[in-house]
Amino acid sequence: NIQVEGEMEFPLLNPYKGDLPKYVSGMDEPIPSQSKWIGMHGFCYDNVLESQCHNFYKLVEKASHYLRAFAPDFSNFLDGKRCDAISAIRKNRYIALGMQLRGIPTIQTASISNVNFFDFVYDGLASHCRVAIENNIQKKIRDREKLIQISIEELIRKKSPSVLLVVGFPLNFDPGIPVVVYESRIQKFRKYEIPKNN
């Protein structure tokens with residue numbers, strides 16, 4: 001019997017309190033030779049993420065090779081419609097719970113969100129445990145940085161995470177709780193991106 005939370009009745013995830021990996025590798029990357037000591041993260045471009053998650057059982061099989069898995073995040077809906085945000089969060093929760101129920105040690109992920117979605121965007125996340133987020137912003141983009149900050153502050157207010165796991169670039173503010181930063185492949189690429197002409 002799956003427990004749900006909030007008006008949207010998102011599945012309630014199990015808290016993650018296990019060991020943390022020292023490094024992470026993307027779900028779209030080949031399985032590393034030392035994968036049993038590495039975490040598999042699901043933060044990648046939308047079209048890649050969709051293709052990787054299309055076959056759930058293949059995803060579970062791949063995740064079984066790693067020390068831990070981070071639930072894939074579907075949070076690129078900042079300017080989208082409410083229905084798209086609800087669909088993205090529901091997908092995140094069901095994939096994460098499905099992995100947990102199949103014995104994959106899975107770290108839950110929270111979405112950086114439009115403030116208009118704060119009434120539901122953190123429903124279904126377990127409280128008082130480790131929570132991961134993606135931060136793929138390299139350059140100082142004031143609006144985006146502010147959105148990341150207020151999203152994390154709202155996450156802390158609602159779910160009181162014990163540790164914040166940041167996959168990507170370090171935060172530019174102190175959230176007031178312990179933070180662990182993991183470098184992602186997207187982050188490595190963005191270090192060398194050529195800026196687009198305005």
Side-chain angles (χ1 to χ4, degrees), residues 2-3 10-76 88-112 122 124-138 148 152 155 159 161-171 177-191:
I2 297 175
Q3 290 184 293
F10 293 140
L12 187 59
L13 301 180
N14 298 312
Y16 178 80
K17 297 181 179 177
D19 295 333
L20 295 176
K22 292 187 177 180
Y23 309 101
V24 297
S25 178
M27 65 164 58
D28 56 329
E29 298 180 67
I31 299 172
S33 59
Q34 300 295 318
S35 60
K36 281 297 181 186
W37 308 105
I38 295 174
M40 184 189 82
H41 76 79
F43 305 121
C44 43
Y45 293 114
D46 278 355
N47 59 333
V48 176
L49 184 58
E50 289 288 351
S51 67
Q52 292 290 318
C53 294
H54 179 69
N55 186 331
F56 176 71
Y57 295 101
K58 187 175 179 181
L59 174 63
V60 169
E61 194 281 326
K62 184 168 186 177
S64 69
H65 293 275
Y66 291 82
L67 174 70
R68 301 288 178 260
F70 291 71
D73 183 25
F74 297 90
S75 65
N76 292 333
I89 298 300
R90 179 176 286 119
K91 191 182 299 185
N92 167 276
R93 303 296 187 265
Y94 273 110
I95 288 176
L97 184 61
M99 292 171 71
Q100 289 179 341
L101 293 176
R102 284 161 180 80
I104 303 297
T106 305
I107 299 168
Q108 62 187 357
T109 64
S111 296
I112 301 302
Y122 300 123
L125 295 176
S127 299
H128 309 291
C129 64
R130 291 154 178 170
V131 179
I133 63 155
E134 177 187 19
N135 181 22
N136 57 21
I137 297 298
Q138 174 199 359
I148 290 171
I152 291 173
L155 169 66
K159 294 296 176 176
S162 59
V163 179
L164 189 66
L165 310 176
V166 178
V167 179
F169 292 97
L171 302 177
I177 62 172
V179 176
V180 176
V181 179
Y182 294 100
E183 185 177 62
S184 69
R185 187 169 61 143
I186 287 180
Q187 176 190 357
K188 294 171 190 173
F189 286 163
R190 291 193 173 176
K191 284 180 180 178

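The residues of the chain are indexed from 1 along the displayed sequence. This structure is a prediction, so every number in the text was calculated from the model and none was measured.
Considering only residues two or more places apart in sequence or on other chains, Y66 meets the side chain to side chain donor-acceptor pair (under 3.5 Å) condition with none of them. In terms of the side chain to side chain donor-acceptor pair (under 3.5 Å) criterion, K62 has no residue partners (sequence neighbours excluded). In this structure P11 satisfies the side chain to side chain contact (heavy atoms under 4.5 Å, CB included) test together with I2, R93, Y94, L97, sequence neighbours excluded. Applying the side chain to side chain contact (heavy atoms under 4.5 Å, CB included) rule to I104 yields the partners V60, A63, S64, A69, M99, T106; only residues at least two apart in sequence or on another chain are considered. With sequence neighbours excluded, the residues that form a side chain to side chain donor-acceptor pair (under 3.5 Å) with N14 are Q100. For H65, the side chain to side chain contact (heavy atoms under 4.5 Å, CB included) criterion is met by I31, S35, E61, not counting sequence neighbours. By the salt bridge (Lys or Arg N to Asp or Glu O under 4.0 Å) test, K91 is found to be paired with E50, residues two or more places apart in sequence or in another chain being considered.
Nearest heavy atoms, I89 versus S111: CD1-OG, 3.5 Å. Between I95 and P72, the shortest heavy-atom distance links the atoms CG2-CG, 3.6 Å. Taking all atoms of both residues into account, the shortest heavy-atom contact from L59 to C53 is CD2-SG, 4.1 Å. A110 and Y122 get closest at one heavy-atom pair: CB-CE2, 3.9 Å. Between S162 and P178, the shortest heavy-atom contact is O-CD, 3.4 Å. For the pair F70 and H41, the tightest heavy-atom approach, listed with the atom from each and the gap, is CB-CA, 3.9 Å.
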Would you tabulate the side-chain donor-acceptor contacts of residues 124-133 under 3.5 Å, counting partners in other chains and residues two or more places apart, or write 'none'?
{"from": "R130", "atom 1": "NH1", "to": "G18", "atom 2": "O", "distance (Å)": "2.0"}

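No side-chain heavy atom of T109 sits less than 4.5 Å from a side-chain heavy atom of I107.
Sorted by first and then second residue, the pairs that involve residues 16-26 and meet side chain to side chain donor-acceptor pair (under 3.5 Å), not counting sequence neighbours, are Y16-R68.
Side-chain atoms of N135 never come within 3.5 Å of backbone atoms of V167 as a donor-acceptor pair (strictly under, hydrogens ignored).
Between L165 and the options V181, L20, V179, V24, a side chain to side chain contact (heavy atoms under 4.5 Å, CB included) holds for only L20.
Once rounded to the nearest 0.5 Å, the distance linking CD1 of I152 with CG of L171 reads 4.5 Å.
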